There are 2 protein chains.
Amino acid sequence: MDNITIKDIAKALNLSTSTVSRALRDSYEISPETKRMVLEYAERMHYRPNPIALSLKENRSQSIGVMVPEIANNYFSQAINGIEAAAYERGYHVVISQSQESYEREIAEVEHLASRRVDGLLMSLSSHTADVSHLKSLQSRGMPLVFFDRIPSDIETHKVIADNKGGAFEAADHLLETGRRSIAHITSQPGLFITRERLQGYKDALQKHNVPFREELVKYCSYASDEVERNIDALFSLPQPPDAFFTASDRLALPYYAGLKKRGFRIPEDVAFLGYFNLNVSDLLDPPMSVVVQPAFEMGHKAAELLLDLIEAKQKPDAYQTVNLSTKLIIRGSSLGKE
Amino acid sequence: MDNITIKDIAKALNLSTSTVSRALRDSYEISPETKRMVLEYAERMHYRPNPIALSLKENRSQSIGVMVPEIANNYFSQAINGIEAAAYERGYHVVISQSQESYEREIAEVEHLASRRVDGLLMSLSSHTADVSHLKSLQSRGMPLVFFDRIPSDIETHKVIADNKGGAFEAADHLLETGRRSIAHITSQPGLFITRERLQGYKDALQKHNVPFREELVKYCSYASDEVERNIDALFSLPQPPDAFFTASDRLALPYYAGLKKRGFRIPEDVAFLGYFNLNVSDLLDPPMSVVVQPAFEMGHKAAELLLDLIEAKQKPDAYQTVNLSTKLIIRGSSLGKE
DNA sequence: ATCGTTATCGGGAACGTTCCCAATTGGTGG
DNA sequence: CCACCAATTGGGAACGTTCCCGATAACGAT
């Protein structure tokens with residue numbers, strides 16, 4: 001990649017670099033003939049401006065960092081799709097990192113992205129991140145920051161979420177309406193904001209139906225390997241075993257669906273099933289799965305737009321917003337009524 | 001992000017930038033006390049070297065570009081996962097672009113990545129790319145290039161593929177062994193190397209079983225919206241309609257599975273079904289889907305390693321390799337025998 | 001006392017670009 | 001004929017690093 005530079009053009013045409021630079025940017029103070037000469041030569045030699053030199057001078061990279069727990073997760077890959085689309089529309093590049101749900105790796109990678117001078121950072125917390133001081137420090141150093149989905153509650157900036165409380169409420173409400181009374185709630189780490197919100201929606205629905213909340217029906221998952229079977233066993237050893245499962249994340253839906261079937265439980269006869277799930281296969285499953293769908297693409301797109309606004313704003317906005325996109329409840333065979 | 005620079009340190013400690021630079025790189029010609037002073041001050045002020053300045057000087061960016069048809073596709077998101085892992089291991093960042101299966105956008109984005117000075121490019125062709133001169137030109141300008149999955153046949157460089165011919169042969173062979181005789185082959189654009197290879201594997205299996213090849217059973221898809229129904233209708237209007245479907249890509253499996261079911265065909269009683277598919281839900285479908293699985297993560301990982309080798313090599317290797325990873329055939333309910 | 005050596009540091013160019021501040025023309029009005 | 005202005009161009013600093021060349025001092029050897 002031995003590239004031609006503005007200097008080469010200047011030398012070849014017996015001009016100064018300033019003149020060439022201005023001609024290329026179509027400045028009014030360059031004569032038409034000179035412009036023509038320069039543009040023609042540049043075209044012929046395949047001149048491409050070096051964005052790195054620009055970055056050094058302007059102290060920005062025209063790229064945004066994206067930090068997600070894992071790429072190979074449907075929700076996140078769809079969100080990244082939205083992010084990439086928004087970034088593309090506005091001429092930015094997307095640099096991707098994953099925390100692998102590890103707090104330590106999140107810290108290291110965020111620092112790495114910052115030192116690479118991304119113009120802003122879009123992120124979704126790892127499930128093991130309780131302390132966000134590394135992000136606060138980043139923000140205090142002036143890095144524009146926008147969170148989506150897995151958001152912290154104690155950092156002030158733009159945030160994009162799906163209506164967690166509302167979605168969970170709708171889901172639990174539906175299960176209760178169809179006669180279920182012992183709804184197991186399988187969810188992520190309790191430290192996450194979305195976990196608490198969804199739990200609250202679940203509780204609200206219980207209250208509406210005068211069903212007491214039972215702590216033992218809630219399982220917080222850390223994605224260990226044997227966790228699924230252990231949790232299912234534990235739940236069905238309860239004096240009042242569950243008659244429905246409500247899973248709170250993409251990553252939990254399939255394993256528990258499969259786990260229940262493997263254990264011989266019939267869905268929905270023995271247990272109803274309803275999960276947060278973003279894959280377009282839910283209606284092809286056996287039985288078709290009832291789901292809460294998050295607008296993953298839109299969330300990524302919106303979050304990226306907010307970040308780019310933040311980056312391109314001359315100064316800090318007077319107020320940060322939290323965008324709350326609504327989820328969609330789709331009822332299928334896995335949550336058919338009891339009676 | 002007002003960052004502290006080496007100059008700031010030099011000024012603060014009354015040293016020259018050269019000395020500070022050397023102290024930070026732990027050069028032997030700097031006295032221990034000076035080193036200590038510099039390191040301590042740098043630490044205290046959160047000094048982070050500016051990689052952009054480095055990039056400008058060294059003419060490399062410590063990042064690799066990845067160009068895929070679409071991110072929100074399971075095969076590709078898993079491959080990207082592998083790429084990210086390999087890049088992370090060797091201290092590189094990953095910049096992602098998608099062609100959206102568009103030839104024009106592929107050209108523009110590849111050029112954009114190149115002008116951003118990625119150190120190398122990892123790519124999978126768009127299905128509408130027949131002419132690869134834009135990539136040849138890139139390569140001739142010295143850009144290290146590695147292809148995976150959707151590879152061109154007329155560019156010499158490292159390539160990583162799954163055993164396309166072998167995988168397709170196994171799949172078709174299985175369908176033939178279980179009594180199927182009219183196997184529809186739903187595949188991608190005929191220009192792609194993988195399309196031709198898979199078709200060849202399909203033909204080889206037919207020949208082994210002395211079943212004549214019928215062109216009308218092969219459908220090349222361009223992912224238009226009404227294409228699925230149109231193709232299914234056309235296939236079942238044939239004098240000898242298909243008794244099996246063999247789909248050749250992730251993106252085709254689910255739509256045709258759903259399309260067949262929607263049209264009222266029973267799987268596997270009326271038609272057997274077997275597809276290239278990388279999602280871990282295939283056994284939860286109704287009926288469980290028989291699949292050819294590609295080692296997506298490994299392919300991405302291997303491709304990235306080859307690219308990084310290419311980047312870090314002092315000179316061109318004397319031979320390029322094409323890595324052929326084997327696929328896995330998993331038989332489930334959707335391809336149970338006819339009789 | 002002179003010289004070479006070693007240890008330690010500074011000056012300044014270079015990477016590719018932009019932009020501020022001149023410098024050089026040609027022409028025009030007084 | 002000179003001052004002045006507009007049009008066009010050039011010079012050089014700056015962005016943050018690295019690295020090539022020197023520069024300085026101390027010191028032992030001759």
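These numbers come from the heavy atoms of this one structure, side chains and all, not from hydrogens, waters or symmetry mates. Here is the naming used below: chain letters follow the sequence lines, and residue numbers restart at 1 for every chain. The structure displayed is predicted, hence computed values, not measured ones.
Qualifying ring-ring contact (aromatic ring centres under 6.0 Å, His included) partners for A:His128, counting only residues two or more places apart in sequence or in other chains: none. Annotation: salt bridge (charged side-chain N to carboxylate O under 4.0 Å, His left out) contacts of A:Glu84 (sequence neighbours excluded): B:Arg105. Not a single salt bridge (charged side-chain N to carboxylate O under 4.0 Å, His left out) links B:Glu33 to another residue, sequence neighbours left out. Here A:Phe297 pairs with A:Asn81, A:Ala85, A:His301 under the side-chain contact (heavy atoms from CB on, under 4.5 Å) rule; sequence neighbours left out. With sequence neighbours left out, A:Glu40 forms a salt bridge (charged side-chain N to carboxylate O under 4.0 Å, His left out) with A:Arg36. For B:Glu312, the salt bridge (charged side-chain N to carboxylate O under 4.0 Å, His left out) partners at least two apart in sequence or on another chain are B:Arg90.
Residues in residues 67-76 of chain A take part in these side chain to side chain donor-acceptor pair (under 3.5 Å) pairs, two or more places apart or across chains: A:Glu70-A:Asn73, A:Glu70-A:Arg251. Annotation: salt bridge (charged side-chain N to carboxylate O under 4.0 Å, His left out) contacts involving residues 44-55 of chain B, sequence neighbours excluded, comprise A:Glu111-B:Arg48.
Summary of helix geometry: the two end axes of the helix from C:dA1-D:dT30 to C:dG30-D:dC1, each defined by five base pairs via their C1' atoms, are inclined to each other by 80° (rounded to 10°).
Proximity of residues 32-40 of chain B to DNA chain C (heavy atom under 4.0 angstrom from any strand atom) is restricted to B:Thr34.
When each of B:Leu325, B:Leu307, B:Val323, B:Val68 is checked for a side chain to side chain contact (heavy atoms under 4.5 Å, CB included) with B:Phe148, only B:Val68 meets the rule.
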Please list, pair by pair, any protein nitrogen or oxygen found under 3.5 Å from a nitrogen or oxygen in nucleotides 4-6 of chain D.
none

Between the protein and nucleotides 13-23 of chain D, which nitrogen or oxygen pairs are less than 3.5 angstrom apart?
residue: D:dA14; atom: N3; partner: A:Lys57; partner atom: NZ; Å: 3.3
residue: D:dC15; atom: OP2; partner: B:Lys7; partner atom: NZ; Å: 3.4
residue: D:dT17; atom: OP1; partner: B:Tyr47; partner atom: OH; Å: 2.8
residue: D:dT17; atom: OP1; partner: B:Asn50; partner atom: N; Å: 3.1
residue: D:dT17; atom: OP2; partner: B:Ile6; partner atom: N; Å: 2.8
residue: D:dT17; atom: O5'; partner: B:Tyr47; partner atom: OH; Å: 3.3
residue: D:dT18; atom: OP1; partner: B:Arg25; partner atom: NE; Å: 3.0
residue: D:dT18; atom: OP1; partner: B:Arg25; partner atom: NH2; Å: 3.4
residue: D:dT18; atom: OP2; partner: B:Ser21; partner atom: OG; Å: 2.7
residue: D:dT18; atom: O2; partner: B:Lys57; partner atom: NZ; Å: 3.3
residue: D:dC20; atom: N4; partner: B:Arg22; partner atom: NH1; Å: 3.4

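When all heavy atoms of B:Pro317 and B:His158 are compared, the pair lying nearest together is CG-NE2, 4.5 Å.
The CD1 atom of B:Ile30 sits 13 Å away from the P atom of C:dA7 (whole-angstrom rounding).
In this structure a side-chain-to-backbone donor-acceptor pair under 3.5 Å is missing from A:Glu109 to A:Ser99.
As judged by a 4.0 angstrom heavy-atom cut-off over every strand, B:Asp8 is placed among residues making no nucleic acid contact. Using a 4.0 Å heavy-atom distance criterion, B:Ile52 is classed as making no nucleic acid contact.
Atom CZ of residue B:Arg117 and atom OG of residue B:Ser55 lie 10.5 Å apart, to the nearest 0.5 angstrom.
Surrounding CD of B:Glu43 are at most 12 heavy atoms belonging to other residues, nucleotides or ligands under 6.0 Å away.
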